[in-house]
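What follows is a short report on a single structure.
Keep in mind that the numbers below use all heavy atoms, side chains included, and drop hydrogens, waters and symmetry copies.
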Amino acid sequence: MRLEILFFVAPALLVFLFFVVWPIIKAVQFSVYRWKGYGPLVDFVGLKNYASVLQNEVFTDAFMHNITIVVFSILIQLPLGLAIALLLNRKMWGQSALRTIIFVPYVLAEVIAGVVWFQLLQPQYGVIDTILSAIGLHGPEEGWLGTPDVALYTVIAVLTWKYLGLAVILFLAGLQGVPEELYEAASIDGATWWQVQRKITIPLLGPTIRTWAFLSMIGSLQLFDMVWILTGGGPANSTTTMATFLITEGTKRSNYGIASAASVILFVVALVMALLYQYFVLRRDSQDAPRNKRAKR
């Protein structure tokens, strides 16, 4: 039995060790050297790279940008995705078509979605500004992606369009697990639609919501591709994330020691937040499962 387990687990374990564990070890190694990406590692600097990253105002701003994206992603996509899921869960004309339309942005490659929105948001000749001009309005003079006070929120709006479909699909899947008998009993008792959603649907959808929020949080902390395509971290570092910061330091400035230190910090931040979320939020789901089994017995 042990040999069989090893036989089936070994390929996945080797892939995990080679593509996850080994890069983490090498990133930690590079982070304690001043290294330009070529030649041997000889200039050992210890924790100075970490101190440089943590004292860098661009990186601290990037950290706050990531936290802002985490908060806005949950605050916007959760109620919007839940409302759309509740709507699409009812029998209606064109239900399948609407589900497909909402889910299409999520399956689009980030590069394609980013390039399309980059063109739509161009000042003056972009579609968004053209529509606004037609109704007597106008966007920022330097463009939606070129104005520091607006750029981050524009990126958040694009991210909402891109990833809202995942929330809707997950919530729809969770709604399929709600027993119809509960709705029938609530209807007999004279419960209103809002009471049914508040007392039955949303509580039973709790595990799905918490899982989606976890995925949204980790994705927002590691966000790179959409920001890189839309703004490159600009203007004036107003949309820089931790991921774009380390890429800029590594590929454009050849500060691979600094970039590696930033990547390790990003890994630690994501790991700590994931563990805290697991302990304080997801733990209730794992605790409820054994209780439910005992209750059934």
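- Between the CD1 atom of Ile76 and the CG atom of Leu159 there is a distance of 10.0 Å, given to the nearest 0.5 Å.
- By the neighbour-count criterion of 12 heavy atoms within 6.0 Å, atom NZ of Lys162 is densely surrounded, having more than that number from other residues, nucleotides or ligands.
- The CH2 atom of Trp117 lies 10.0 Å from the CG atom of Leu145; values are rounded to the nearest 0.5 Å.
- In this structure, CZ in Arg99 is found 12.5 Å from CD1 in Ile84, a value given to the nearest 0.5 Å.
- Dense packing is recorded around CD of Gln176, with more than 12 heavy atoms of other residues, nucleotides or ligands lying under 6.0 Å away.
- Counting heavy atoms from C-beta on, the side chains of Val32 and Val45 never come closer than 4.5 Å.
- Side-chain contact check for Asn66 and Gln222: no donor-acceptor pair (N or O, by modelled atom type) lies under 3.5 Å.
- When all heavy atoms of Gly114 and Leu230 are compared, the pair lying nearest together is O-CD2, 3.4 Å.
- Both Val107 and Tyr163 are members of a single hydrophobic cluster when ILVMFWY side chains are connected at heavy-atom separations under 4.5 Å.
- Looking only at side-chain heavy atoms (C-beta outward), Leu275 and Leu271 come within less than 4.5 Å of each other.
- Between atom CZ of residue Phe214 and atom CE of residue Met273 there is a gap of 10.0 Å, rounded to the nearest 0.5 Å.
- Aromatic ring centres of Phe72 and Tyr153 lie closer together than 6.0 Å.
- Under the 3.5 Å distance criterion, with hydrogens and angles disregarded, no donor-acceptor pair is assigned to the side chains of Trp35 and Asn255.
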### Query
Can you check side-chain hydrogen bond (donor to acceptor under 3.5 Å, both in side chains) on Thr201 and Tyr183, steps first, answer last?
CA-CA 9 Å; Thr201 304; Tyr183 292 133; 2.8 Å; yes
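- Not less than 6.0 angstrom separates the ring centroid of Phe30 from the ring centroid of Tyr256.
- Transitive grouping of hydrophobic side chains (ILVMFWY, heavy atoms separated by less than 4.5 Å) keeps Phe18 and Phe8 in distinct clusters.
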Show, in sequence, the C-alpha distance, side-chain angles and deciding distance for Tyr277 and Arg210, and conclude whether the side-chain contact (heavy atoms from CB on, under 4.5 Å) test is met. CA-CA 9 Å; Tyr277 191 89; Arg210 289 187 285 271; 3.8 Å; yes
Start with the C-alpha distance between Ser31 and Tyr50, add both sets of side-chain angles, then the distance that settles side-chain contact (heavy atoms from CB on, under 4.5 Å), and finish with yes or no. CA-CA 8 Å; Ser31 68; Tyr50 291 93; 2.6 Å; yes
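- For the pair Ile102 and Ile169, the minimum side-chain heavy-atom distance is 4.5 Å or more.
- Looking only at side-chain heavy atoms (C-beta outward), Asp129 and His138 stay at 4.5 Å or farther from each other.
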- [ ] Apply side-chain contact (heavy atoms from CB on, under 4.5 Å) to His65 and Phe245, showing your working.
- [x] CA-CA 11 Å; His65 295 159; Phe245 172 85; over 6 Å; no
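- The shortest distance between side-chain heavy atoms of Phe280 and Leu276 falls below 4.5 Å.
- The shortest non-hydrogen separation linking Lys36 to Arg253 is NZ-O, 4.1 Å.
- If you chain together hydrophobic residues whose side chains sit under 4.5 Å apart, Val127 and Ile229 never meet in one group.
- The structure places CD1 of Ile247 at 11.0 Å from CG of Asp225, a figure rounded to the nearest 0.5 Å.
- Val115 and Leu223 are members of different hydrophobic clusters when ILVMFWY side chains are connected at heavy-atom separations under 4.5 Å.
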Between Ile69 and Leu152, does a side-chain contact (heavy atoms from CB on, under 4.5 Å) hold up when you go through it step by step? CA-CA 9 Å; Ile69 293 171; Leu152 180 62; 4.2 Å; yes
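- Between the side chains of Tyr125 and Thr130, not a single donor N or O lies within less than 3.5 Å of an accepting N or O.
- Using a 4.5 Å heavy-atom cutoff, the side chains of Thr68 and Ile156 are in contact.
- For Trp22, the CH2 atom is loosely surrounded, since the number of other residues' heavy atoms within 6.0 Å does not exceed 12.
- The shortest non-hydrogen separation linking Ile128 to Trp144 is CG2-NE1, 3.9 Å.
- Minimum interatomic distance between Leu204 and Pro179 (heavy atoms only, all atoms of both residues): CD1-CD, 4.2 Å.
- The distance from atom OG1 of Thr208 to atom CH2 of Trp212, rounded to the nearest 0.5 Å, is 12.0 Å.
- Counting heavy atoms of neighbouring residues, nucleotides and ligands inside a 6.0 Å radius, atom CD1 of Ile135 exceeds 12 of them.
- Considering Thr248, Asp61, Val58, Thr231 in turn, Val58 is the only one that fulfils the side chain to side chain contact (heavy atoms under 4.5 Å, CB included) rule with Asn237.
- Minimum heavy-atom separation, Ile258 to Ser52: CD1-CB, 3.8 Å.
- You'll find the side chain of Leu82 reaches within 4.5 Å of the side chain of Leu205, heavy atoms only.
- Ile24 and Phe19 are assigned to two separate hydrophobic clusters, defined by single-linkage of ILVMFWY side chains at heavy-atom distances under 4.5 Å.
- Listed here is the closest heavy atom pair of Ala186 and Val196: CB-CG2, 3.9 Å.
- Taking the six-membered ring for Trp and the full ring otherwise, the centers of Phe224 and Trp228 sit less than 6.0 Å from each other.
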